[in-house]
Amino acid sequence: MPENKHLRRGLYCLYGAASIILVWLLLRFALPWLLPFIVAVIVTRLIEPAVHYMTDRFRIRRGFASALCTVIVFAALIALTALIIGRSVIELTAFVKDLPSLLKSLTKTISLIGERIDGYVHAAPPEIQDYLQNAIAGLVQKIADLPASLSDDVLGLLSSIAKFTPKLILFFFTCALSVFFFSCGYKEISAFILRQIPKNRHASLRDFRKDLLATFGKWLKAELMLAGITFAEMTVAFLIMRIDFALLLALLVAIVDFLPVLGSGAFLVPWALLTLIGGNYKTAIALVVIFAVNTLVRSILEPKMIGKQIGLPALATLIAMYVGFCSVGVTGMILFPIGLIMLKHLNDKGYVKLWKN
């Protein structure tokens, strides 16, 4: 390392920039290829206590215990995925069939609104009447084309699901085989990894793994707390609106909101759209307001709660989540804060010196 402090700082910046670019490339391009094996490692670690218990308690071979646990886990996952996809296809198909009748009420409502707007248009200054009439005519035409457009979109979605199914089957198959092989050779793989690391680093590695698992647990705790807040908000709102099965629907929204890919909008926005089409404007507006309030509350609380749980300032957590979303997508909103806490841990332990504590 050069003695000149300016040159040394420049090299640190260069190393940092190269590391950031390398991580971005890995997450952007290598992650989709490695994802089945990353998931397999996580699942293997989760089922290891059960495999260990079966081999010690019942004196059965490790291969059989690994195969049994793998089959149970992936049978449950495949059944749940098939149930969700199958039910979605059924509901979307029924929606396409009922769409013309659902849009009849919307067309009548738009016609009534259009008659009222015509009165305002004729009362407007002459220089803007043509503009307003053209705008209204374009809106009416879009509404008239809406059934065909929605039908095409839904059919396209069904086609995408059909095309994606083989990839999903291949993902599950690869992941299941990887879990079985990882679990069968868990001790050998662990020993091989430890042999590649100097013995004086084993204790540090165990501490780092322990801290990483604790960090993930704290992140999960924060997300569950946010889901609980969502459940409370939805329960109160649905009870005020006198919606049937308020608790069940609130629980469903909270579960959907817990999933980073979907969020509460995946449930509330289509519901609001359907009620609007059905002519129930008050319920539609109320659902949109509930969605907006929930999104605002989550946007405010999420950085603070996650930052508090994993020991990061709220601003740093917010920056990590935003940069992760912009660079990688929804997955980055989870991985970047975890990566930042790993860097903080390495810096606090003295393995790297990125900033002064």
Side-chain angles (χ1 to χ4, degrees), residues 84-85 87-92 94-96 98-99 102-103 105-106 109-110 113 139 142-143 146-147 149-151 153-154 156-157 160-161 219-307 314 317-318 320-322 324-326 328-334 337:
I84 294 173
I85 293 177
R87 191 62 191 173
S88 300
V89 171
I90 292 172
E91 294 294 335
L92 286 172
F95 176 73
V96 171
D98 296 340
L99 191 59
L102 291 173
L103 289 173
S105 59
L106 179 62
T109 304
I110 293 298
I113 295 174
L139 178 62
K142 288 184 178 181
I143 293 172
L146 186 60
S149 177
L150 285 176
S151 299
D153 291 340
V154 174
L157 179 59
S160 300
I161 293 174
W219 170 82
L220 185 62
K221 178 182 177 182
E223 290 293 338
L224 289 174
M225 291 171 64
L226 289 170
I229 292 172
T230 299
F231 174 73
E233 291 174 350
M234 297 301 147
T235 301
V236 173
F238 292 162
L239 288 175
I240 293 174
M241 296 170 63
R242 300 182 182 276
I243 294 177
D244 296 333
F245 309 107
L247 289 176
L248 182 61
L249 290 173
L251 179 61
L252 181 60
V253 175
I255 293 173
V256 174
D257 191 49
F258 177 77
L259 302 174
V261 178
L262 299 177
S264 61
F267 187 90
L268 295 176
V269 172
W271 187 6
L273 181 61
L274 290 175
T275 53
L276 178 65
I277 293 173
N280 194 344
Y281 306 117
K282 291 183 179 179
T283 302
I285 294 173
L287 291 173
V288 172
V289 171
I290 293 170
F291 168 64
V293 171
N294 178 70
T295 303
L296 178 63
V297 171
R298 188 177 180 89
S299 299
I300 294 173
L301 293 181
E302 188 170 21
K304 293 184 178 180
M305 294 182 69
I306 293 179
T317 307
L318 179 63
M321 292 172 63
Y322 182 77
F325 178 76
C326 291
V328 182
V330 178
T331 307
M333 295 181 68
I334 301 174

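Values reported hereafter were calculated over all heavy atoms of this structure, with side chains retained and with hydrogens, waters and symmetry mates removed. Computed from a predicted structure; not experimentally measured.
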S.K.: Return the CG to CG distance between Leu252 and Leu247, rounded to the nearest 0.5 Å.
M.R.: 12.5 Å
S.K.: Any chance you could measure Leu224, atom CG, to Lys221, atom NZ, to the nearest 0.5 Å?
M.R.: 10.0 Å
S.K.: Identify each donor-acceptor pair in which a side-chain atom of residues 232-239 lies under 3.5 Å from a protein atom, sequence neighbours left out, and give them as a table.
M.R.:
from   : atom 1 : to     : atom 2 : distance (Å)
Thr235 : OG1    : Phe231 : O      : 2.7

S.K.: Distance-only criterion, 3.5 Å: show the donor-acceptor pairs between side-chain atoms of residues 284-295 and protein atoms not counting sequence neighbours.
M.R.:
from   : atom 1 : to     : atom 2 : distance (Å)
Asn294 : OD1    : Thr230 : OG1    : 3.3
Asn294 : ND2    : Ser264 : OG     : 2.9
Thr295 : OG1    : Phe291 : O      : 2.8

S.K.: To the closest 0.5 Å, what do you measure between CG (Leu226) and CG (Asp257)?
M.R.: 8.0 Å
S.K.: Quick check: closest heavy atoms across Gly265 and Pro270, and the distance to 0.1 Å?
M.R.: O-CD, 3.3 Å
